[in-house]
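Take a look at the structure below.
Just follow the structure's listing: the first ligand is 1, and inside any ligand the first atom is 1.
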Amino acid sequence: MSAPDWDAIRADFPILDQQVRGQPLIYFDNAASSQKPRAVIDAIARYYERDNANVHRGLHELSSRATDAYENARAKVARYLGAASADEIIFTRGTTEGINLVAQAWGAKFVRAGDVILLTEMEHHSNLVPWQMLAERTGARLRFVPVAEDGTLALERLGELLTPEVKVCAFTHISNSLGTINPVAELCRAARAVGAVSVVDAAQSAGHLPVDVRALGCDFLAFSGHKMCAPTGSGALYGRAELLDAMPPWQGGGEMIVSVSYERSTYKKAPGKFEACTPNIAGAVGLGAAVDYLEGIGRAAIFEHDLALTQHALARLGELPGVRVLGPRERRGGLVGFVMDAAHPHDLTTFADQHGLALRGGHHCNMPLMKKLRLPGTTRASFYFYNTKAEVDRMADILAAAVRFFA
Ligand code: C6P
């Protein structure tokens, strides 16, 4: 296959063609939210212009078109993740909602006092707080796989941590602060060996590298559409059919039921039982279009492109005095978190913004990790396939100016 035409691909993103504070915009905040290509914007507009109606209920033409569009999007997501069936895909508002769904619905039924929930020290609050809430409700305990000096997980500790009391092992695929890519298949295998269910936070990976739930061997996997070219408020949770069947619903309402009396109700099979009332139909349509778009480029090519930009950024940041990069040198995702001795991350991010450069500064919803690293936060540049090496060079120049400015 020929290499993607990255210049042509960049031109698919209208928002990138603008000046910010008199400078060409450099958008390096993709780990927070990605930009959207014309194909996704058009798919949403087309849906509202031609097909919009509620799904699964109407006996009229528009409702059946809307239902087809919504369910086609589910089939696309299933294919994108390598799921065995579209019934294993539940549409959500994003990663956070997917993880809360598992913690509340699966957790309420299967986690008891004395059980252990195994997480890692690098989890985003979205893969920590829902488990803390479950632990508070049930009397379960939390345990953490430590992060080693080099920003990878201390996997040699897994044997002693993964005891038979562990009922669920939840971890991120790619750290949003360190860039570490965790060995998901190995972690899922180890979890299964002690009878624990695995939950993968794929917020930073689903749009950046090939993710195949059956090859990874995970039980649940959650991701956000808005970080992979789809609209905000879209996303999905993959759950293995057997587990979804055994779980109770988590939210009650219309559409998730088979029958309702004043006293009680019976529920649909998955995914219907987890999608109460009117879903984000246009969001799902946009997510389906984003999946088509990413598959058109190829996730392996996207990963290679991200990696090349990351390696270049690591080299350029390495030239700056008083700048220290976090995370592993090798095997990392397309983001670089760093600290500049002379400047607080908020000040540095504001300085960058004055030059049209969008970075993120702060704790990145990783407060416990920042505390462990004894940092108030970091500054982060996160890349996507429409970014260029020239933009990384421009960032390095702006950061060099910041070193002089804050000295
Ligand atoms: N991280 C960042 O700038 P939602 O908000 O549900 O789409 O995604 C939550 C989430 C969960 N896990 C990981 C690893 C994440 O990185 C995120 C979102 C953004 O790093 C916003 S804090």
Inset, instruction - Check whether any heavy atom of R380 sits under 4.0 Å from an atom of ligand 1. - result: yes

Inset, instruction - Give a yes-or-no answer on whether the side chains of S177 and H364 include a donor-acceptor pair shorter than 3.5 Å. - result: no

Inset, instruction - Using a strict 4.0 Å cut-off to heavy atoms of C365, name the atoms of ligand 1 that fall inside it. - result: 22 (S)

Legend entry - Flag for T163-R143: side-chain donor and acceptor within less than 3.5 Å: yes

Legend entry - Shortest protein contact, atom 8 (O) of ligand 1 (heavy atom only): S224 OG, 3.6 Å

Inset, instruction - Compute the minimum heavy-atom distance from R93 to ligand 1 and say whether it is under 4.0 Å. - result: no

Legend entry - Contact atoms of ligand 1, heavy-atom distance to T172 under 4.0 Å: 14 (C)

Inset, instruction - Run through F223, Y384, F303 and flag the one making a ring-ring contact (aromatic ring centres under 6.0 Å, His included) with H208. - result: Y384

Inset, instruction - Please report which non-hydrogen protein atom sits nearest to atom 16 (O) of ligand 1, along with the residue it belongs to and the distance in Å to one decimal place. - result: Q204 NE2, 2.7 Å

Inset, instruction - Specify side chain, backbone, both or neither for A32, according to which of its non-hydrogen atoms lie closer than 4.0 Å to ligand 1. - result: both

Inset, instruction - For atom 18 (C) of ligand 1, grab the closest protein heavy atom and report residue, atom and distance to one decimal in Å. - result: K227 NZ, 2.8 Å

Legend entry - Residue, atom name and distance, where the atom is the protein heavy atom closest to atom 15 (C) of ligand 1: H124 CD2, 3.3 Å

Inset, instruction - Name the orientation class of the two ring planes belonging to F383 and F28 (parallel below 30°, tilted from 30 to 60°, perpendicular beyond 60°). - result: perpendicular

Inset, instruction - Only one of I181, N182, V184 passes side-chain contact (heavy atoms from CB on, under 4.5 Å) with I174; say which it is. - result: I181

Legend entry - Protein contact of atom 12 (N) of ligand 1 - nearest heavy atom, named by residue and atom, plus distance: D201 OD2, 2.6 Å

Legend entry - Modelled atom types, side-chain donor and acceptor of H312 and D393, under 3.5 Å: yes

Inset, instruction - Write out the residue and atom name of the closest protein heavy atom to atom 6 (O) of ligand 1, then the distance separating them to 0.1 Å. - result: T96 OG1, 2.5 Å

Inset, instruction - Give yes or no for whether the N/O distance cutoff of 3.5 Å, strictly under, is met between N176 and ligand 1. - result: yes

Inset, instruction - Quick one: sort the F405 and F351 rings into parallel, tilted or perpendicular, breaks at 30° and 60°. - result: tilted

Inset, instruction - State, to 0.1 Å, how close W250 and F274 come at their nearest heavy-atom pair, and which atoms those are. - result: NE1-O, 3.8 Å

Inset, instruction - Scan I26, L357, L399 and name whichever one has a side-chain contact (heavy atoms from CB on, under 4.5 Å) with R394. - result: I26

Legend entry - Contact atoms of ligand 1, heavy-atom distance to A203 under 4.0 Å: 10 (C), 11 (C), 12 (N), 13 (C), 15 (C), 17 (C)

Inset, instruction - List the closest protein heavy-atom neighbour of atom 21 (C) of ligand 1: residue, atom name, distance to the nearest 0.1 Å. - result: R360 NH1, 3.4 Å

